[in-house]
Amino acid sequence: MALAASEKKKPRDIAEIIIRRLRDEKGIIDRTDIAGPGFINFFLKDEYYHKLLKQIDKEGKDYGRIDIGKGEKVQVEFVSANPTGPLHVGHGRGAAVGDALSNLLAAVGYDVTREFYINDAGRQVKLLAQSVYSRYINKPIPEDGYQGAYIDEISDSARAVISGIKKGIYSEPIDNEGAATASQVISLNFPNISFEESEPFFAWHSKKRLLEEIRKDLEDFGVRFDNWFSEQSLLDDSSVKKSIEELKKRGFAYEKDDALWLRSTAFGDDKDRVVIKKDGSYTYLATDIAYHRNKLSRGFKKLINIWGADHHGYIPRVQAVIQAFGHPKDTLHILLVQLVAVLRHGKPVPMSKRAGDFVTLREVIQEVGSDAARFFFLMRRSDSHLDFDLELAKKQSSENPVYYVQYAHARLCSVEKQAEERGIKMPVADSVDFGLLKLPEEKNIMKQLALYPITIEGSARALEPHRITFYLQNLAGLLHNYYFHHRIITDDKPLTDARLVLMKGVRQVIKNALGILGVSAPEKM
RNA sequence: GCGCCUGUAGCUCAGUAGGAUAGAGCAACAGCCUUCUAAGCUGUGGGCCGGGGGUUCAAUUCCCUCCAGGCGCACCA
């Protein structure tokens, strides 16, 4: 149809020519026909699907793995929360998306590094320290400080650490930075101490506590990072300074009005951006310049940043940074994750970090479980709005799609167990007569299994892991339907064998796909 | 004011390198458990794909415009 205009022929005639010239080298096409305005339908031979079942059986957990990445190094940076409070549901969504995407890219042959950028420099950490300090000396938290029970907890633990250090029984392992802080603590006269004097201690302690908590939350959510990258380290090792020097050399940084600017307009940004302020301090962009330069220097061919959608205005300047360092714009992909609206009993839960009133990732994991939470976060395109109803996600019922899929897997495990108990061994795929699988339902299932690698590939290319949740729901639907209407274990041995291998394939694919999402595939429910 | 995202069934959302009769889940209604797990299955109803224009043989998909919602527009992070 696309050729009709240029070829000046009717679409149906062109279709006929294509079919006539078609060479089926692998001999997998059964027949073709021309439909509607000029579509060509290909019907594949049953043998194609039979081979597929053998392939799935043989490849097992590797079925669906392909190699479009060719071992290329990719970095996925996600969550990257300020260590100024516990992770909330929005971070959870970013974590689920980032982790699933990393799994996905690894499955298609990329060498993936997961990284958490710790925003541990600047004003936010100072505010955190100030908030904890205020609680420590029993004064009200400054208006723009952080509120919430966790501030009290950190303040209490600070108290314990101080007295521990004073008594010389500091039990926690102290890192280099902490050792310095410990000697500082001894020299200070707690609790009658000014914030200025004690800021290094409170900043260190608060940051440490929160990072531990963040790390634990993520681990309980099944997310592990290969690298935790500290923003502060870029200042400490003068990377920021060097990066800015390099930009100057390259002609993309200049001085104006006593400030230093990035010439981001050279790459399509609305205006140039300040890197060093009039007062000599750095903007957030300065560390980001150094950070992205660092990423590039580590040899990543592709960088993926997962950001909250509220940061979208920041995209052009970071893209500009990439280009200013001489790399193509599409080296960096920025995925926006819409913030999550949390509902409880259908009513929105107000979220404000400052007021300390927000639903944490931990609460969500505890309430609905890691599997349900991850699946929910991955059910929609990451840049679409997500309503997360805690009561709904908690329900262990059909309203909860994750159970629908997991149940399909558990059911099949149960069938295999049942077969085993009846003394039927799982047949060898090569010795099975798949020609016995004649039911339309069986054909549909085989087609869906054949679609799995394509789904993975498309999902990876588009950086859209949510497609896998849809695939899974479809496959589980076909399975449940088939299971209800037909028996797998029958008196007919050859048929039973064929069906067992088919079911094993379904189970394998469900397991593989859930694995990419980071959701468990239970054998019993 | 400028920019980005979103608008598809009652609800929550898939579907776009333009293509056949637009899909799923939930909710609603009516049914199905002596049989491998009923966290399941079957059936029914439900849509001017936000409005209007344009390009095209063909538009949910591309362009323009308007409306509605969200988010950005710092020498904050």
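Throughout, a chain's letter reflects where its sequence line sits, starting with A, and its residues are numbered from 1.
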Look for any protein N or O under 3.5 Å of an N or O in nucleotides 10-14 of chain B and output each such pair with its distance, or none.
from, atom 1, to, atom 2, distance (Å)
B:U12, O2', A:Arg380, NE, 3.4
B:U12, O2', A:Arg380, NH2, 2.2
B:C13, OP1, A:His385, O, 2.7
B:C13, O5', A:Arg380, NE, 3.2
B:A14, OP1, A:Arg381, N, 2.9
B:A14, OP1, A:Ser384, OG, 3.1

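- Listed by first and then second residue, the salt bridge (charged side-chain N to carboxylate O under 4.0 Å, His left out) pairs that reach into residues 370-384 of chain A are A:Asp99-A:Arg374, A:Arg381-A:Asp383, sequence neighbours excluded.
- A:Asp330 meets the side-chain hydrogen bond (donor to acceptor under 3.5 Å, both in side chains) test with no other residue; sequence neighbours excluded.
- Applying the side-chain hydrogen bond (donor to acceptor under 3.5 Å, both in side chains) rule to A:Ser239 yields the partners A:Asp237; only residues at least two apart in sequence or on another chain are considered.
- Qualifying salt bridge (charged side-chain N to carboxylate O under 4.0 Å, His left out) partners for A:Asp258, counting only residues two or more places apart in sequence or in other chains: none.
- Remark: A:Glu523, A:Lys524, A:Met525 in residues 508-525 of chain A come within less than 4.0 Å of RNA chain B through at least one heavy atom.
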Go along nucleotides 28-35 of chain B 5' to 3' and tag each nucleotide: B for a protein heavy atom under 4.0 Å from its base, S when only backbone or sugar atoms are that close, - otherwise.
----B--B
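- Heavy atoms of A:Asn119 sit nowhere under 4.0 angstrom from any nucleic acid atom.
- Listed by first residue number, the stems of RNA chain B with at least three Watson-Crick or G-U pairs below 3.5 Å are B:1-7 with B:67-73, B:10-13 with B:23-26, B:28-32 with B:40-44, B:50-54 with B:62-66.
- Pairs passing the salt bridge (charged side-chain N to carboxylate O under 4.0 Å, His left out) check and including a residue from residues 262-272 of chain A, sequence neighbours excluded, read A:Asp269-A:Arg273.
- Atom CD of A:Glu523 has 12 or fewer heavy atoms from other residues, nucleotides or ligands within 6.0 Å.
- The side-chain contact (heavy atoms from CB on, under 4.5 Å) test applied to A:Thr360 returns A:Pro86, A:Phe358, A:Arg362, A:Glu363, not counting sequence neighbours.
- A:Leu44 meets the side-chain contact (heavy atoms from CB on, under 4.5 Å) test with A:Ile28, A:Ile29, A:Tyr48, A:Tyr49; sequence neighbours excluded.
- Scored by the side-chain hydrogen bond (donor to acceptor under 3.5 Å, both in side chains) test, A:Arg467 finds A:Glu464 as partners (sequence neighbours excluded).
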